[in-house]
Number of protein chains: 2
Amino acid sequence: MLKGHLDAIVLAALEAGPAHGYAIIEAIRQRSAGTFDLPEGTVYPALHRLEQASLLSSAWTTPPNGRRRRVYSITRAGSAALGERRKAWGRFSQAVDTALEGGRA
Amino acid sequence: MLKGHLDAIVLAALEAGPAHGYAIIEAIRQRSAGTFDLPEGTVYPALHRLEQASLLSSAWTTPPNGRRRRVYSITRAGSAALGERRKAWGRFSQAVDTALEGGRA
DNA sequence: TCACATACCTAGTTATGCTAGGTATGGAAG
DNA sequence: CTTCCATACCTAGCATAACTAGGTATGTGA
């Protein structure tokens, strides 16, 4: 369970440049050092959600020798949202750290 | 949204000693420096869940000059589970950190 | 031609946190 | 003495999110 931070992770994966669903899954696996090996049923709905929210845009591509792919790009709003999410994650993880340690930190 | 880490936070709050629901809410608020100001509708069901799972035990108390209170204590299994949760949180937060930073960390 | 990897999708289940109510008592204020 | 507030407990039902478990289709190599 990714506990609500999936959106930020997907946005971050697309920050480096556009990619299609399968590649995003692979990128997340590598960027998290293997910890997040996400099933398609998790990622595809998330991509649709993010596009619905205008944080991503998508376009179908059919390269001459390849399969059809839906390539996602992060939008301006998506970059802004990612910035927010990163800050929110920082605050959240800090708070959990101190709560788990007894408030001593 | 506490995103699945509520149980660990509640267990950690009870590590210092038994407490009743209202006091636990207060303790969590202080231990998280005000970040987690949890509604009762979040905490009470969580306490019941944790007792159901034998990670907590409870007893009613009626102090001579006070109201009835249900005091929760962490069990042996609860302490063990808390240890696990702390480790899981460490792994999880580390993975999110690197995923958000681009895997450079 | 048969299997496998790539590539996409969705319906339905489950878990969990929260909203929005409700009950009851002790103490303070008027 | 009654009215209000803080304390203290509870639950039904809602919303969201991630995952399970399917399905479709195509290119590639055996």
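Treat the numbers as computed from the prediction; the structure is a model and nothing was measured.
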**Message:** Please report the distance, rounded to the nearest Å, between NZ in A:K3 and P in C:dT16.
**Reply:** 10 Å
**Message:** Distance check needed: D:dC19 C1' versus A:L2 CG, whole Å only.
**Reply:** 10 Å
From [options], nucleotide with atom closest to [X] side chain:
X: B:P45; options: D:dT11, D:dA18, D:dC19; result: D:dT11
X: B:R49; options: D:dA18, C:dC8, C:dG17; result: C:dG17
X: B:L38; options: C:dG17, C:dC18, D:dC10; result: C:dC18

**Prompt:** If you look at every strand shown and take non-hydrogen atoms under 4.0 Å, does A:G21 touch a base, only sugar-phosphate, or nothing?
**Reply:**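 A:G21: backbone/sugar contact only, no base atoms under 4.0 Å.
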**Asked** What is the nucleic acid contact for A:G41, judged by heavy atoms within less than 4.0 Å: base, sugar-phosphate only, or nothing?
**Response**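 A:G41: base contact, heavy atoms under 4.0 Å.
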**Message:** A:S54: which residues meet the side chain to side chain contact (heavy atoms under 4.5 Å, CB included) condition with it, sequence neighbours left out?
**Reply:** none
**Message:** Quick test of your reading: applying salt bridge (charged side-chain N to carboxylate O under 4.0 Å, His left out), list the pairs with at least one residue in residues 61-78 of chain A, sequence neighbours left out, ordered by first then second residue.
**Reply:** A:E51-A:R70
Atom pairs and distances, side-chain donor-acceptor, residues 19-29 of chain A, under 3.5 Å, sequence neighbours left out:
{"unit_1": "A:E26", "atom_1": "OE1", "unit_2": "A:R29", "atom_2": "NE", "d": "3.4"}
{"unit_1": "A:E26", "atom_1": "OE1", "unit_2": "A:R29", "atom_2": "NH2", "d": "2.2"}
{"unit_1": "A:E26", "atom_1": "OE2", "unit_2": "A:Q30", "atom_2": "NE2", "d": "3.2"}
{"unit_1": "A:R29", "atom_1": "NH1", "unit_2": "A:D37", "atom_2": "OD1", "d": "2.7"}

Quiz: residues 5-12 of chain A side-chain donor-acceptor pairs under 3.5 angstrom, not counting sequence neighbours:
{"unit_1": "A:H5", "atom_1": "NE2", "unit_2": "A:K3", "atom_2": "O", "d": "3.4"}
{"unit_1": "A:D7", "atom_1": "OD1", "unit_2": "A:R49", "atom_2": "NH2", "d": "3.1"}

**Prompt:** Can you tell me if B:S93 uses its side chain to pair, donor with acceptor, with the backbone of B:W89 under 3.5 Å?
**Reply:** yes
**Message:** Strictly under 4.0 angstrom, non-hydrogen atoms only: write out the protein contact profile of nucleotides 23-30 of chain D, one letter per nucleotide from the 5' end, B, S or -.
**Reply:** ---BBS--
**Asked** ring pair (Phe, Tyr, Trp, His ring centres under 6.0 Å): which pairs involve residues 47-72 of chain A, sequence neighbours left out?
**Response**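 Listed once each, the pairs would be none.
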Between [X] and [N], is there a side-chain N or O to OP1/OP2 distance below 4.0 Å?
X: B:H48; N: D:dT11; value: yes
X: B:R69; N: C:dT25; value: no
X: B:Y44; N: D:dC10; value: no

